[in-house]
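Hydrogens, waters and symmetry mates play no part in the numbers below; they use all other heavy atoms, side chains included. Every chain is numbered from 1 and lettered A, B, ... according to where its sequence line falls, protein lines coming before strand lines.
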Amino acid sequence: MDVLYLLVPLALLFAGGALWVFIVSVKRGQFDDLDTPAVRILFDDVEPESDDAGKKEE
Amino acid sequence: MEAPENVCPLPEAKAPEQCVHCGLPLPDKPILGKKPEEQFCCRGCSMAYSILQDTGLGRGYYALRERLGESGQRVEEVGDLGGYAFFSDPSFEERYTEPAEEGLRQVDFYLEGIHCAACVWVVERLALQIGGIRDAQLNLSENRLRITYEPKSGPLETLGRRLASVGYAPHPARGAREEEIARKERHRLLIRIGVAAACGGNIMLFSSALYAGEYQGIESRFANLFTWASLGLSLPVVFYSATPFFRSAIGGLRAGSLHMDVPIALGIVVAFLSSCWNVFTGTGHVWFDTLSMLVFLLLIGRLLLETGKRRAALAARSLFALVPQTAFMLQEIGGQPRRVSIETVAEGDLLFVPPGDCIPVDGIVEDGRSHVDESLLTGESAPASRGAGQEVWAGTSVVDGALTIRARATGDDTRLARLSRLVEDAARRRAPIVATADRIAAYFVAVVLGAASLTFIYWWSAGFDVALSNAIALLVVSCPCALGLATPFALSVAMGRGARGGILIKGGEAIERLARVRRLFLDKTGTLTEGRPRVIETTLFDENAEFHLPLISAAEQRSSHPVARAIAAYVPPAAAKVEDFHQEPGRGIRARVGAHEVLAGNAAWLAEHNLATTDAQHAALAIRETECAAASILLAVDGKLLGAFLIADGIRSDARETTAAMRARGLELELLSGDAEAPVRAVAAELEIPRWHASVSPEQKRVLVADASGEKLVGMVGDGLNDTAALAAAGVGIAVHGGSEAAFEAADVATARAGLAPVLEAITLARKAMGRVRLNLGFSLFYNLITGTLAATGHITPLWAAVLMPISSLAVIGLSFKK
């Protein structure tokens, strides 16, 4: 069971890594809006119909 | 070759019965598009449709909307798109936009008309099509669009015009900085939760091993490993995640009040210190698992509270943004108007206000003549005529003529602002209920601390460790978290439910007071009535007169006066050409429609054209005017008097039902209005409201409401600024949809749907919520008593305590969600 001396620090490292990723994503604002992204998956990328639609305007 | 006669004719292609854009039924004369199947209910929808087609988004939008099963929404025709030029102004950029990365700038807009996922799709794509816009993100629940753009290319004006034309009028979001601060706060809370969760979870794993070890035996070196690891992991929890509780407890103690964070903080500190001591001395229990789970669960509770509050605040702020931010400044009368930000206007400046716009300052009219809608300040539904030398007020709107105004009072000095300050003062005085809750909490905390100390002393004889264990178990298990959660949670669930039904409640205390309301003051205009004049009756002096009515309606189409709009809506206009249109403010209109001379207006106007009613006709009209609290508009065609329209502010269709239902629920109703006596008396009689007051000024309303707030709790329902001070003075202020920003700010509750029915819904919701709160409180007290007794008598270890305590919280949460 001496392997525990390796496993415990390793597990804590993983936990620390996960925590760090969580903190970064909170700071980037990924937890700010939890409702709209659920709705976005319903969108398709529809091609614009006419040729000159989608052209950038001045 | 001729078709044989016995062949059945092909069925006619059936024209669509619904507006292609919004899906609502078509009027008798729908607006037509280029193709035969393109039919619209109004110009707004037609415009929106063509923009969608031109930008290539039409097919995708309608397909998506159908796939989601969402309905469409009618698009209001936008009168003036020129206002969006303000978005290109440098002062706009300074005030509303923030720098983003790479030299870009970022700005938030609140959008009207967002109601489904398809809206998100089309808005974002419309925005991204405009050159210079790098990113567009719409937040569906907040109706907020975040745009990242290149400052030099000035795309915001185009964006504004395009979004408005499709029915999503954008308004720049004010209070962006407070929003940022709140956002950062929330991030910090989330991170604290994350830390507590990561550390607490791992500590729990270690302590499971340790607990197993107590039964099966464990090598001491591994027990040490796990124990030290637990200690290490609890450091971030105690010194980072739990700091809000320590700060709150210390703050409370310094202010001399014991509140609920004190036993929590105490429990955490005692558990941590004694556990550390036990680690160093190598004996006894450690409670790192207990305290980290405690911190985690309490922080989650806080997050739920904050989210609920934030939602209400956001809803409030989005409506604030609907007030115009600009004014037209002139150098001299008749000069070229220049659009400026409303803050740059100073006393003595000359301003130009076109018809339909809101007057931005208090001032004197220098030139021009118009009817001014002052219902905001006086509650009068009929616009008053204002000309040179007369005073006008900020917040009122110009109806039919342009005015040139010299500013007398701006910003904080306007009558509007002074009234708002009365509101603030009244609002500050409404805290007694909060103080009571704090006092109860203080007693509870004192009792718990006393009981914990007693427990410790009682068990001292059995050993320090046992005594401490039981005392901590008691502290933890009787932690008033369920008590602390019971009220806020039930209330925030109620707030959420309300918000989904279009009722915005600004906080838990508002719900509490709403539930206790027994007496309700109602405003008349806009709350019980439509707030818009309507034709309620036609009196004809000549049986052929009916055929001429469409001519009059055609002429009235040219005017934007509310009475004209009422007539135009009542009678379908003739399709003839209208020429020589003339409108005399305070009198009426005159025009040539087709081959006829048309005249409509009051008796004075007709007298100018040598027409008059007979005594009999006059008497008959006068009787109806008094009965219906209405005014007559006399009609004449080709020099002959035809008859009259009776115009009144109609009572809302749901008003009667709702007032009856309110009476059935035990509410006493009273009517308050700034309007004249006749209309107020008529409405009160119609709705069976026993007490009413007419011609009441805003200040008088406040006094009436304040005086009534004696034994019973008083609520005030209103929509205009003339109600604001009263709204604040009342025990509960309810602002009805369609009202002013100031009313919204002053009120505790606001409805996003028109009419009185949402008010009754709000009261019912509040009563149910308070019932739920009492249930929760009863349950958690009972639970605390039982588990507390068990802890004090030594039946529960601190770990069990840490598990049992959140169970009561979860039960409370679960109960709150039950319908």
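Looking at Arg146(B) and Asp32(A), no side-chain N of the basic residue comes within less than 4.0 Å of a carboxylate O on the acidic one, giving no salt bridge.
Put simply, the side chain of Phe222(B) reaches to within 4.5 Å of the side chain of Met1(A), judged on heavy atoms.
Interface residue Val8(A): only side-chain heavy atoms are found under 4.5 Å from chain B. Both the backbone and the side chain of Leu4(A) come within contact range of chain B, each with at least one heavy atom under 4.5 Å from a heavy atom of that chain. Only the side chain of Leu225(B) has a heavy atom closer than 4.5 Å to any heavy atom of chain A. Contacts between Arg221(B) and chain A at a heavy-atom distance below 4.5 Å involve backbone atoms as well as side-chain atoms. For Phe22(A), the part lying under 4.5 angstrom from a heavy atom of chain B is the side chain only. Of the two parts of Asn139(B), the backbone and the side chain both hold a non-hydrogen atom closer than 4.5 Å to a non-hydrogen atom of chain A.
Note on ring orientation: taking the six-membered ring where Trp is involved, the planes of Phe109(B) and Phe87(B) are tilted (angle from 30° to 60°).
Looking at Glu124(B), its side chain does come within 3.5 Å of a backbone N or O of Leu138(B) through a donor-acceptor pair. Side-chain atoms of Ser241(B) come within 3.5 Å of backbone N or O of Arg192(B) as a donor-acceptor pair.
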